[in-house]
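Remarks on the structure that follows.
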Amino acid sequence: MKYTSQRGTKDILPSETPVWQRIEASCRRIFGLYNYAEIRTPVFEQTELFSRSIGTDTDIVSKEMYTFEDRGGRSLTLRPEETAPVVRACLQHNLISPENITKLWYMGPMFRYERPQAGRYRQFHQAGVEAFGSTDPMLDVEVIDMAVQLFREIGLTDLEVDINSVGCKKCRPEFIKKLTKYFTDKTSDLCDDCKKRLVKNPLRVLDCKIQGCQSIIKAAPAPVDSLCRECEEHFENVVACMDEQKIKYKINNRLVRGLDYYTGTTFEVVSDKLGAQNAVCGGGRYDDLVKELGGKPVPAVGFAIGLERLVGIIGSDVQSPKSDVVDVYLIAIGEKAKNIAFDLASGIRKAGFSADMDFHGKKLKSQLKLADRIGARFVLILGEDELNKGKIVFRDMSEGKQEEIKCDAATIVEVLEKNK
RNA sequence: GCGGCCAUGGUGUAGAGGCAACACAGCAGAUUGUGGAUCUGUUAUCAGGGGUUCAAUUCCCCUUGGCCGCCCCA
């Protein structure tokens, strides 16, 4: 094969689009129920927007961005995530302020240059929300609840919500200091990766799955124990509100996210049906990002859902919806009949019935076979005999009965309405 | 960026150092213009390049791609 889709990219074929459409419809519905409005931003932005917001030392920025120079010498990057572009758009169009709440949702392709594997692609799709303008813990819970409701609507069970707090600008540095101190005299017992992490991003050591490290991590200080008063109070309120709303969750004090802009609450929704990449949804608070990108300080919470992963979970346990059937299949024999059929098809469609016909000049038998295969409910047959009589055969495919009716669009539509 | 496994018709799979097999799908046909069943026929330079050999699709190497894992993330 000469041309194939590029590494890490995938065609979503007609057999799969119904699942996608269902998910997309659910997203629209649920986000709408919470009064979030859709926003669409370009797929590329100036590179600096991402390096500034996500953090220069993160994996995303240091090695996963699709960055290129355009003909005008600008450094552009295909968006690896959507939070920064949404903030940029909000600032550019004055959509947010500290005094008002702005609730937005988005859906679309993201790009990250990584080795593809289960649940990971170079072009993948996310649907997400961002709520600006309040530090209210209840807003955190609203956002989490929205994700939970969405998954429920889609019919997913046995998902787990993990939450944690990574602290703010004030208490996080303190915690990192504490953590580094705890690990320094134990470095030799840590795995090689963790030794690197300890220097690059000490928080990530908490996330290590290696057994040897686990035993050390167990006794390590947890972020929740080092929160400042505001962060602690905020987190307690989030948890209390989750309880009140009866949203099931697990406090996971090893949950650390890889994007620098997160502050306070972080959460993930994980599924055990996904293999190594088990998070379907990730999010949290980012109270400093708007200011860092040049706006007034406006706190925010949001999440992103990985649509491929969602499809990955659903694919197995939800029956794929039946493909749409066509109402009428027109069978014409001969050029003259074909012309008339073409015209009739157009009239039938105008009345709101779907119609299709043959473009191969096949025999009656083959055309009938085709009509059967595509699931046509009715077939119209126009051959020599009918043509001479000014009639057309109207055949009900499931009954196997047929009758001759007058060959004009109005009569056909009338009969269709009657048989609906 | 690193590691493991893999690469045969449209699809899913066999196969063996010397004629590439089977199933499904597709198309055509089984007496004139009637679908779903059955039967018949038909569909492959065995991913690309190099090497070993009288002979490679089979063995070896490289490349590319796929799947999975690490890292990280959705």
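All values below come from the heavy atoms of this structure, side chains included, with hydrogens, waters and symmetry mates left out. So that the names make sense, note that chain A is the first sequence line, chain B the second, and so on, each numbered from 1.
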Could you check how far [atom1] of [X] sits from [atom2] of [N], rounded to whole Å?
| X | N | atom1 | atom2 | value |
| --- | --- | --- | --- | --- |
| A/Lys369 | B/A37 | NZ | C1' | 11 Å |
| A/Leu13 | B/G10 | CG | P | 16 Å |
| A/Trp105 | B/A74 | CH2 | P | 19 Å |
| A/Gln402 | B/U34 | CD | P | 10 Å |
| A/Tyr121 | B/C68 | OH | C1' | 12 Å |
| A/Lys363 | B/A30 | NZ | P | 6 Å |
| A/Arg254 | B/C72 | CZ | P | 13 Å |
| A/Ile313 | B/A74 | CD1 | P | 15 Å |

Mapping A/Ile305 and A/Ser5 to their closest nucleotides on RNA chain B, which lands nearer the 5' end?
->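 The residue mapped nearer the 5' terminus is A/Ser5.
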More 5' along RNA chain B: A/Pro116 or A/Glu384, using each one's nearest nucleotide?
->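 Final value for this comparison: A/Glu384.
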What does [X] touch in the nucleic acid at a heavy-atom separation under 4.0 angstrom: a base, only the sugar-phosphate, or nothing?
| X | result |
| --- | --- |
| A/Leu259 | sugar-phosphate |
| A/Gly282 | sugar-phosphate |
| A/Ala279 | sugar-phosphate |
| A/Phe303 | nothing |
| A/Glu308 | nothing |
| A/Gly334 | nothing |
| A/Glu82 | nothing |
| A/Glu268 | nothing |
| A/Arg115 | base |
| A/Asp59 | sugar-phosphate |
| A/Gln367 | nothing |
| A/Gly128 | nothing |

Check: [X] ring centroid to [Y] ring centroid under 6.0 Å:
| X | Y | value |
| --- | --- | --- |
| A/Tyr36 | A/Trp105 | no |
| A/Phe378 | A/Phe394 | yes |
| A/Tyr261 | A/Tyr286 | yes |

Side chain of [X] only, please: which of [options] is the nearest?
| X | options | answer |
| --- | --- | --- |
| A/Val393 | B/U34, B/C27, B/C68 | B/U34 |
| A/Leu368 | B/U34, B/C70, B/G33 | B/U34 |
| A/Leu364 | B/C2, B/C72, B/U34 | B/U34 |
| A/Lys362 | B/C27, B/A74, B/G65 | B/C27 |
| A/Asp385 | B/C68, B/G33, B/C72 | B/G33 |
| A/Gln277 | B/G33, B/A28, B/C70 | B/C70 |
| A/Ser366 | B/C68, B/C71, B/G29 | B/G29 |
| A/Gln126 | B/G35, B/A74, B/C70 | B/A74 |

With both distances under 3.5 Å as the test, what is the Watson-Crick or G-U wobble partner of [N]?
| N | result |
| --- | --- |
| B/U58 | none |
| B/A21 | B/U13 |
| B/C5 | B/G66 |
| B/C27 | B/G41 |
| B/U32 | none |

Do A/Arg120 and B/C71 share a donor-acceptor pair, side chain to base, under 3.5 Å?
->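 Indeed there is one.
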Hey, does the side-chain of A/Glu114 have a donor or acceptor N/O within less than 3.5 Å of a partner on the base of B/G1?
->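 Check fails, no donor-acceptor contact within cut-off.
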Chi-angle category of B/C68 [syn within 90° of 0, anti beyond] =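 Anti conformation for B/C68.
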Looking only at atom [atom1], what distance separates [N] and [M], rounded to whole Å?
| N | M | atom1 | value |
| --- | --- | --- | --- |
| B/C27 | B/U13 | P | 24 Å |
| B/A74 | B/C6 | P | 33 Å |
| B/G41 | B/A56 | C1' | 32 Å |
| B/C24 | B/G9 | C1' | 12 Å |
| B/A44 | B/G10 | C1' | 11 Å |
| B/G50 | B/G66 | C1' | 22 Å |
| B/G17 | B/C54 | C1' | 12 Å |
| B/C19 | B/U57 | C1' | 13 Å |

Taking everything shown except A/Tyr66 itself, do over 12 heavy atoms lie less than 6.0 Å from its OH?
->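 Yes, because the 6.0 Å sphere around OH of A/Tyr66 holds more than 12 heavy atoms from other groups.
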More than 12 heavy atoms of other residues, nucleotides or ligands under 6.0 Å from OH of A/Tyr113: is that the case?
->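 Open.
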Please report the C-alpha distance between A/Lys63 and A/Glu114 in whole Å, then the side-chain angles of each, then the deciding distance to 0.1 Å, and finally whether the salt bridge (charged side-chain N to carboxylate O under 4.0 Å, His left out) criterion is met.
-> CA-CA 8 Å; A/Lys63 53 185 197 195; A/Glu114 295 184 89; over 6 Å; no
With respect to the phosphate group of [N], does any side-chain polar atom (N or O) of [X] fall under 4.0 Å of OP1 or OP2?
| X | N | result |
| --- | --- | --- |
| A/Arg373 | B/C27 | yes |
| A/Arg395 | B/G35 | no |
| A/Gln117 | B/C68 | no |
| A/Lys365 | B/U34 | no |

Should A/Thr67 and A/Ser75 count as side-chain neighbours, where that means a heavy-atom distance under 4.5 Å?
->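 Counting from C-beta outward, A/Thr67 and A/Ser75 do come under 4.5 Å.
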Using the ring of A/Tyr106 (Phe, Tyr or Trp, six-membered ring only), decide whether A/Arg40 places NZ or CZ under 6.0 Å from its centre and within 45 degrees of its axis.
->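 Verdict for A/Tyr106: no cation-pi partner in A/Arg40.
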Hey, which of A/Arg52, A/Lys169, A/Arg172, A/Lys170 is the one that makes salt bridge (charged side-chain N to carboxylate O under 4.0 Å, His left out) with A/Asp288?
->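 Exactly one option meets the salt bridge (charged side-chain N to carboxylate O under 4.0 Å, His left out) with A/Asp288, and it is A/Lys169.
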Sequence neighbours excluded, which residues qualify as side chain to side chain contact (heavy atoms under 4.5 Å, CB included) partners of A/Phe359?
->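 Partners of A/Phe359 by the side chain to side chain contact (heavy atoms under 4.5 Å, CB included) criterion, ordered by chain and then number, come out as A/Phe342, A/Asp356, A/Met357.
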